[in-house]
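Computed from a prediction, not measured in an experiment: that's the story for all the values here.
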Amino acid sequence: IQIESGQFLRLAVEQIGIDIKLNLQDPAGRSAVMLDGPNGRFGPEEIALTAESSGVYRLELSSANATAASGQYKVSIIDLRTPTREDRERAAAEALYIEAAMKLQPQRTAVARLAAIEKYREALLFFRATGEVYRQAWIMHTIVLLHAQTGDFRKAFALAGQILPMFRSLADALGEASTLNFLGGM
């Protein structure tokens with residue numbers, strides 16, 4: 001993808017039966033954004049950033065599971081333009097989300113989990129403001145799991161009760177089933 005320094009890029013990879021990990025590399029070959037969200041084998045993975053340098057950015061896609069059955073995906077460039085105020089806010093929210101998902105959460109410590117919850121909450125503010133229910137539901141779902149992992153089951157249960165209707169309104173069977181499974185285990 002040819003991008004000029006300062007341009008905003010937003011792209012989505014629709015997963016169709018395969019869990020995809022995204023790695024957008026800058027013109028020097030360094031990872032600019034890496035993401036594998038919680039939505040499993042179906043649904044979109046989205047990244048957004050403002051380019052720091054001009055050149056060809058390379059999107060590398062790989063299966064999160066080396067033994068996964070084959071599936072399909074569809075890559076779409078949603079925006080490639082001079083950033084608006086909302087674009088800059090989106091890029092900042094996505095950066096918070098990625099920090100929580102890809103840096104803090106994998107540390108699997110109580111301190112890192114609590115820090116990840118705060119980053120997710122900060123990112124959630126943007127997705128609430130833009131009315132993106134799918135992103136809200138999955139971010140909140142991840143917060144539910146993190147609360148449970150830190151032993152705060154009351155918060156986890158209360159939040160899970162809020163996201164169940166969201167997943168139902170989206171007809172997201174995976175999100176609904178996962179939330180019901182969590183609630184049933186409480």
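Counting heavy atoms from C-beta outward, Tyr57 and Val33 have side chains that stay 4.5 Å or more apart. The shortest side-chain heavy-atom distance between Thr84 and Phe8 does not fall under the 4.5 Å cut-off. Taking 4.5 Å as the limit, every side-chain heavy atom of Gln7 sits out of range of all side-chain heavy atoms of Gln2. Between Val13 and Lys21 the shortest side-chain heavy-atom distance does not fall below 4.5 Å. Within the 4.5 Å cutoff, the side chain of Glu46 has no heavy atoms near those of the Leu11 side chain. Side-chain contact between Met166 and Thr179 is absent, with no heavy atoms from C-beta onward closer than 4.5 Å. Side-chain contact between Arg41 and Tyr73 is absent, with no heavy atoms from C-beta onward closer than 4.5 Å. Side-chain atoms of Asp87 and Thr50, non-hydrogen and from C-beta on, never get closer than 4.5 Å to each other.
Side-chain atoms of Asn39 come within 3.5 Å of backbone N or O of Pro44 as a donor-acceptor pair. At least one donor-acceptor pair closer than 3.5 Å links the side chain of Gln15 to the backbone N or O of Ile20.
Note: Ile143 CD1 to His147 NE2 = 6.5 Å, rounded to the nearest 0.5 Å. Separation of atoms CZ (Phe167) and CG (Asp172) is listed at 5.5 Å; rounding is to 0.5 Å. How far CD1 of Ile117 is from CD of Glu122: 12.5 Å, rounded to the nearest 0.5 Å. Annotation: the span from Leu80 atom CG to Ile1 atom CD1 amounts to 8.0 Å, rounded to 0.5 Å. In this structure, Gln136 CD and Arg128 CZ are separated by 6.0 Å, a value rounded to the nearest 0.5 Å. Atom-to-atom distance recorded for Arg10:CZ and Asp79:CG is 6.0 Å, nearest 0.5 angstrom.
Leu125 and Tyr134 are members of different hydrophobic clusters when ILVMFWY side chains are connected at heavy-atom separations under 4.5 Å. In the hydrophobic cluster analysis, where Ile, Leu, Val, Met, Phe, Trp and Tyr join through side-chain heavy atoms closer than 4.5 angstrom, Phe42 is grouped apart from Val133. The hydrophobic cluster containing Leu96 does not contain Met34, counting ILVMFWY residues as joined when their side-chain heavy atoms lie under 4.5 angstrom apart, directly or transitively. Linking Ile, Leu, Val, Met, Phe, Trp and Tyr residues whenever their side-chain heavy atoms come within less than 4.5 Å places Leu61 and Ile3 in a single cluster. Cluster membership for Phe157 and Leu180, using ILVMFWY side-chain heavy atoms within less than 4.5 angstrom, is shared.
The two residues Ala160 and Leu183 make their nearest non-hydrogen contact at CB-CD2, 3.6 Å. Minimum interatomic distance between Pro106 and Ala100 (heavy atoms only, all atoms of both residues): CD-O, 4.3 Å. Shortest non-hydrogen contact noted between Ile18 and Ala69 is CD1-O, 3.9 Å. The two atoms that bring Gly37 and Tyr97 nearest to each other are CA-OH, 3.7 Å, heavy atoms only. Looking at every heavy atom in both residues, Ala110 comes nearest to Thr150 through O-CG2, 4.5 Å. Considering all non-hydrogen atoms of both residues, Ala148 and Phe182 come closest at CB-CE1, 3.6 Å.
Each of Met140, His141, Arg154 was checked for a side chain to side chain contact (heavy atoms under 4.5 Å, CB included) with Leu159, and the lone residue meeting it is Met140.
The side chain to side chain donor-acceptor pair (under 3.5 Å) pairs that include a residue from residues 106-116 are Arg113-Gln149, where partners are two or more places apart or lie in different chains.
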Please lay out, stage by stage, how Leu49 and Glu94 fare under the test side chain to side chain contact (heavy atoms under 4.5 Å, CB included).
CA-CA 8 Å; Leu49 82 151; Glu94 294 289 2; over 6 Å; no
Verify side chain to side chain contact (heavy atoms under 4.5 Å, CB included) between Leu9 and Leu24, making sure each step is shown before the conclusion.
CA-CA 11 Å; Leu9 170 68; Leu24 183 66; 3.8 Å; yes
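A salt bridge does not link Glu52 with Arg30: every distance from a Lys NZ or Arg NE/NH1/NH2 to an Asp or Glu carboxylate oxygen is 4.0 Å or more.
For Glu99, the side chain to side chain contact (heavy atoms under 4.5 Å, CB included) test picks out Lys103, Leu104, Lys119, with sequence neighbours left out. Under the ring-ring contact (aromatic ring centres under 6.0 Å, His included) criterion, Phe126 pairs with no residue at all, not counting sequence neighbours.
A donor and an acceptor atom, one from each side chain of Ser178 and Asn181, are nowhere located under 3.5 Å apart.
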